[in-house]
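Here the structure comes first, spelled out in structure tokens, and everything after it is commentary.
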Amino acid sequence: MGAGGSSRAGAPTGQEGPLSPGYASPSETLEQQHLRAVFEIARILASGRSLQEILPEFLSCLIRTLEAADAGILFLYDAAEERLVAKGAYGYEPGAIQRLRLAPGESMSGRVFQSGRAELYATPEETAAAMANLTATNRELLAAAVGDRQPPVSALCVPLIAGQEKLGVLILENLREPGSFTPQDLAFLQSVADLMAVAVKNIRLQEELQAVQALEEANRLKAELISTLAHEMRTPLTSIKGYSTALLMEEAAFSPETQREFLRIIDEETDVLQDLIHDLLESSVIDAGLLKLELQPVLMPRLVAEVVEEVHRRSPDHRFIIDFPPSFPVLEADPQRIAQVLRNLLDNAVKYSPPGKLVVVRGEVQPGEVVISVADQGEGIAPEHLNRLFEKFFRVKSGLGRHRVGSGLGLPIARTIVESHGGRIWAESRLGEGTTLYFTLPLRPQFPE
């Protein structure tokens, strides 16, 4: 990458606008050209983009502005490695240059970082002498990054310093003509490096702030989880404790029917606790990035019928309808995970609709995907709550006058499973008219039935 001879390494191609840095009008002085470049660089650094995004544009602007510059590197100091690491380069093979690690005091950049003073290496001899202490590994990496070009014959090297903190080094190199760089170029580059140092410091502060905010959010969610589980577990535990204590009372005599009813309630409340713990464990697996899919051919109508039958046994007062076209395609999916999605959607429909109401599960074939929907005839969801349905721990307050035990994790888990299959999930609702939850699965090459 880059070039020797009289051409500039990595020089931009194509037409540049009349005010582009490096392409001054005949009447423009060097000072005006540098000033315009500083404004352009300030605009790049203030764009709010990440350092990785702005560095190519930043270095390209510098190379265009300084006629003597053929290549450049921006090093930042990594305190953990105690080395200068190349974060951006122009005119070098990127794979090799990014592996370069310079110790303070090593080569031109290491010397300038250590001293904190800008340097102009005007001749090939000065440049070679400054690079003489490169380690063998770094010398090999640099040779690979340079390719078949000749070594630099002069260079500008300036430190990046914010306050009292040394952040890194910016270096520009000339590959063609010794003495091409001037003291004015060095002063200009130092002013640019000062701008970059402020930008780097700001970006790092923003990253630290985001890390602190992420930690605070994680702690908030942890506290919310503990509070939610404590609250949600209290109801079934109270029932289990109350009915089991009653059955153990020696002075009380209950009929077999009453005893059976007490045991049925204990069994149901145990299932509630088991579901809460299951959702919590599933959420932990997903958060750890450990969700794995075992894809296989799935007959969706049959899977839906099995899950509906299971939910109907637990909610016999609700009515269920399954509506799938006869030619519904065989899908490639994880049947256990999709059954989990269906179970969560159906439980949600039953939970938020009165006994005796209808729940409809429908399947439709669309171009490139299938759409599965679960519709209830419940009280519906207000528009301001609809978009929060898939947030962790969010639960819609019911207007049916009874508390519904739940972790608030079912729908977020369903969303992760669906999206892991390459699908989408969303909800539509009208107050007083019920809610419909939809999810899609992509069509795959069909399997023989």
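All heavy atoms count here, side chains included; hydrogens, waters and symmetry mates do not. All residue numbers refer to positions in the sequence shown, counting from 1.
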Practice prompt. Determine, stepwise, if the pair L76 / R204 fulfils side chain to side chain contact (heavy atoms under 4.5 Å, CB included).
Written response: CA-CA 12 Å; L76 291 181; R204 287 182 171 176; 3.9 Å; yes
Discussion item. R176 vs S180, test: side chain to side chain donor-acceptor pair (under 3.5 Å). Steps then yes/no.
Written reply: CA-CA 9 Å; R176 297 166 283 127; S180 298; 5.9 Å; no
Practice prompt. Test side chain to side chain contact (heavy atoms under 4.5 Å, CB included) on L156 and L66 and set out the steps.
Written response: CA-CA 11 Å; L156 298 175; L66 294 179; 4.2 Å; yes
Discussion item. Test side chain to side chain contact (heavy atoms under 4.5 Å, CB included) on I73 and Y90; report intermediate values, then the result.
Written reply: CA-CA 6 Å; I73 311 173; Y90 186 103; over 6 Å; no
Discussion item. Show, in sequence, the C-alpha distance, side-chain angles and deciding distance for E294 and Q336, and conclude whether the side chain to side chain contact (heavy atoms under 4.5 Å, CB included) test is met.
Written reply: CA-CA 9 Å; E294 296 183 6; Q336 292 187 347; over 6 Å; no
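The closest side-chain heavy-atom distance from I338 to L303 is below 4.5 Å. The closest side-chain heavy-atom distance from F328 to V365 is below 4.5 Å. Considering only heavy atoms from C-beta on, L74 stays 4.5 Å or farther from I171 through its side chain. V350 is listed as a side-chain neighbour of V311, based on a closest heavy-atom distance under 4.5 Å. Residues C157 and Y121 meet the side-chain proximity criterion, which asks for heavy atoms closer than 4.5 Å. The side-chain heavy atoms of L411 and L437, taken from C-beta on, include a pair separated by under 4.5 Å. Side chains of V298 and D334 form no contact here, defined as non-hydrogen atoms less than 4.5 Å apart. Taking 4.5 Å as the limit, every side-chain heavy atom of I63 sits out of range of all side-chain heavy atoms of D70.
The two residues A197 and L167 make their nearest non-hydrogen contact at O-CD1, 3.4 Å. Between Y77 and E82 the shortest heavy-atom distance is OH-CA, 3.2 Å. When all heavy atoms of L172 and G72 are compared, the closest pair comes out as CD2-CA, 3.8 Å. Listed here is the closest heavy atom pair of P301 and F324: CG-CD2, 3.8 Å. Here the shortest heavy-atom pairing between L59 and A89 reads CD1-N, 3.5 Å. In this structure, A71 and G91 approach most closely via the heavy-atom pair CB-CA, 4.3 Å.
One distance of note links CD1 of I413 with CG of N344; it measures 6.5 Å at 0.5 Å rounding. A distance of 7.5 Å separates CG in L293 from CZ in R337, rounded to the nearest 0.5 Å. Taking CZ from F439 and CG from L345, the interatomic distance works out to 6.5 Å, rounded to the nearest 0.5 Å. Of the inter-residue distances, the one linking I161 atom CD1 with M196 atom CE reads 15.0 Å to the nearest 0.5 angstrom. Here the CG-NZ distance, from D78 to K87, works out to 6.5 Å after rounding to the nearest 0.5 Å. We find the CD-CG distance between Q98 and L141 to be 11.5 Å, quoted to the nearest 0.5 Å.
Between the side chain of T436 and the backbone N or O of V374, no donor-acceptor pair lies under 3.5 Å. A distance-only check finds a donor-acceptor pair linking the side chain of S429 to the backbone of I381 [under 3.5 Å]. Remark: the backbone N or O of T123 is paired with a side-chain donor or acceptor of T127 at under 3.5 angstrom. Panel note: side chain N174, backbone V153; no donor-acceptor pair is recorded below 3.5 Å. A side-chain donor-acceptor contact under 3.5 Å links N133 to the backbone of G105.
Side-chain contact check for T135 and R139: no donor-acceptor pair (N or O, by modelled atom type) lies under 3.5 Å. A donor-acceptor contact under 3.5 angstrom links the side chains of E106 and N138, judged on distance only.
Checked options L295, V370, L299; the residue passing with L331 is V370 (criterion: side chain to side chain contact (heavy atoms under 4.5 Å, CB included)).
In this structure R343 satisfies the side-chain contact (heavy atoms from CB on, under 4.5 Å) test together with V307, E310, R314, A339, Q340, D347, sequence neighbours excluded. Every residue two or more places apart in sequence or in another chain that forms a side-chain contact (heavy atoms from CB on, under 4.5 Å) with T440 is listed here: E369, V371, R424, W426.
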When the side chains of residues 110-120 are checked against the rest of the protein, which donor-acceptor pairs come out under 3.5 Å, sequence neighbours left out?
{"from": "R111", "atom 1": "NE", "to": "A130", "atom 2": "O", "distance (Å)": "3.2"}
{"from": "S115", "atom 1": "OG", "to": "R111", "atom 2": "O", "distance (Å)": "3.2"}
{"from": "S115", "atom 1": "OG", "to": "V112", "atom 2": "O", "distance (Å)": "3.4"}
{"from": "S115", "atom 1": "OG", "to": "R117", "atom 2": "N", "distance (Å)": "3.2"}

